[in-house]
2 protein chains.
Amino acid sequence: MDEKLISKAVIRRLPRYYRYLGDLLDDGVERISSGELSNRMKVTASQIRQDLNNFGGFGQQGYGYNVRYLYAEIGKILGLNHTHNMIIVGAGNLGQALANYKSFENSGFKTVALFDVNPAVKGKKVRDIEIHMMNELSEFIPDHHVEIAALTLPKSEAVSVAEKLVDYGVKAIWNFAHTDLNLLLPEDVVVENVHLAESLMRLSYNLTTKKDSKVEEK
Amino acid sequence: MDEKLISKAVIRRLPRYYRYLGDLLDDGVERISSGELSNRMKVTASQIRQDLNNFGGFGQQGYGYNVRYLYAEIGKILGLNHTHNMIIVGAGNLGQALANYKSFENSGFKTVALFDVNPAVKGKKVRDIEIHMMNELSEFIPDHHVEIAALTLPKSEAVSVAEKLVDYGVKAIWNFAHTDLNLLLPEDVVVENVHLAESLMRLSYNLTTKKDSKVEEK
DNA sequence: TAGATTGTTAATCGATTAACAATC
DNA sequence: TAGATTGTTAATCGATTAACAATC
């Protein structure tokens, strides 16, 4: 049963649909048409229908989409219907910030532990989640069925630690270090690079460009 | 002098070129061809040359690109040749994590203050950067020529705070809250949404999909 | 000069949008 | 039934890749 490969562009949009549908649910909205959703999200209705039809017909002619149903279906597509155990490697501010995001748990991502090299933080807790030492990783990962590791470490350590994590059984890495781990790890390891610095540079580009055109207008 | 509009896809790649060139510089590499860079970055040489030629001819036939020069030029394009004053609104873990990124300063982003509602943290410092109270924003922003505000607040407060920031003169918002602020603020405000939750969901999709295909192989 | 590699045009590929028949 | 809106095909648009003449 080989399903057609879904394009990255579609996958990038799915979580956004999911978020808007969640907001609609919270607002008690029962049904929505692609046209109405298109207005809210500022994308074309055509795109919404095309995107959704990659995965099946979730709507009904003349009616639109049932919000609760569509929300659940997109959740399934994204794999949010199962719990994924996650660890955070690097218990600095960023690691702790992630541990504090309670909303991740609602989407099925359960942070089961933090890890750090600094003995001073050993045993400390961030919202019930204990900080462990790095040498416990090899046992902890298989024992707790850890699938995902968030890497909040400096670039210098990221690669070697990532390789170990994969050895110990981690299937996916949520990478906050400034390297492209996907190019350095085995093909079958799922890597999502965050690259905050690049996000800030894009902002800077837009800021600079906008300013330039302002000047030109004068 | 209206330059042709550069596509978003190109802009998304620029910071990545910049990063690779920076790494090459650190390694003491003087020149690089699009072919060699293409190998390292896993993109086509054609794309590299096309992307760069949106902004001008930075290379030389038969030679390739001078690493230092190209690095500097891309830096200029991204607006990293000027200092941008930045504040962080929301001094929780995430805000503090951002304040601790010293590397941002090397790219021209200077964090001049943090802001929070909680009086308990007033006057505290994160790496020399003082935490102020929110009611000081209206004076602080114009006084310190703040261009960029990183918003590390819960979704519920993000919109109203963002509107105030814009009133006080902020030109760009680096948004970590789970809303699309670009749709809610004036057109001329630059917004870069980070959306960590969506990043995690994309990871989850890839994890789920990969697992499925594993099962099918059996 | 010969070799290498760019800058750029042309070809291909993929993604988005438009249109409309199907149908609830 | 009439009206609304989907699912889907076809048309358009844009982005990526290939090719090669220009030139260092």
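Per chain, numbering begins at 1; letters A, B, ... match sequence-line order.
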Sugar-phosphate, base or nothing in reach of A:S46, heavy atoms under 4.0 Å: base
Interatomic distance, A:I48 CD1 vs C:dA18 C1' [rounded to whole Å]: 15 Å
Out of A:Y18, A:Y20, A:F58, A:Y65, which residue meets the ring-ring contact (aromatic ring centres under 6.0 Å, His included) rule with A:Y71? A:Y18
Stepwise, does the ring pair (Phe, Tyr, Trp, His ring centres under 6.0 Å) test hold for A:F109 with A:W174? CA-CA 12 Å; A:F109 303 99; A:W174 196 20; 7.9 Å; no
Can you check the B:K42 NZ to D:dT16 C1' distance for me, whole Å? 18 Å
Could you tell me how far apart A:N54 (CG) and D:dT6 (P) are, to the nearest whole angstrom? 16 Å
Side-chain contact check for A:N53: nearest option of D:dT8, D:dT6, C:dT6 is D:dT8
Using a cut-off of strictly less than 4.0 Å, decide whether B:S34 has a side-chain nitrogen or oxygen near OP1 or OP2 of C:dT6. yes
Could you tell me the separation between the CG atom of B:L52 and the P atom of C:dG7, rounded to a whole number of Å? 8 Å
Mind checking who C:dT6 pairs with, Watson-Crick or G-U wobble, both distances under 3.5 Å? D:dA21
If you count the non-hydrogen atoms of other residues, nucleotides and ligands that lie under 6.0 Å from CD in A:E30, is the total more than 12? no
Separation of C:dT6 atom C1' from B:Y69 atom OH, nearest Å, is 14 Å
Answer yes or no: does a side-chain N or O of B:Y65 lie under 4.0 Å from OP1 or OP2 of D:dC24? no
With a 4.0 Å limit, can you tell me whether A:T44 has a side-chain N or O closer than that to the phosphate oxygens OP1/OP2 of C:dT17? yes
Select one nucleotide: of D:dT6, D:dA19, D:dT17, the one nearest the side-chain heavy atoms of B:R49. D:dA19
5' priority, DNA chain C, between A:Q60 and A:S7 [closest heavy atom]: A:S7
Rounded to whole Å, how long is the line connecting atom CD of B:Q61 with atom C1' of C:dT5? 7 Å
Between C:dT5 (C1') and B:E36 (CD): distance, integer Å: 13 Å
Write down the partner of C:dG14 under the Watson-Crick or G-U wobble criteria, each distance required to be under 3.5 Å. D:dC13
I'd like to know if A:Q50 reaches the base of D:dT9 with its side chain, counting only an N/O donor and acceptor under 3.5 Å. yes
Please verify the inter-ring angle class for B:H144 with B:F140; under 30° counts as parallel, over 60° as perpendicular, anything in between as tilted. parallel
Can you check the A:N66 CG to D:dT5 C1' distance for me, whole Å? 15 Å
Residue pair B:E73, B:K76: steps toward the salt bridge (Lys or Arg N to Asp or Glu O under 4.0 Å) verdict: CA-CA 5 Å; B:E73 287 301 312; B:K76 278 187 212 163; 3.1 Å; yes
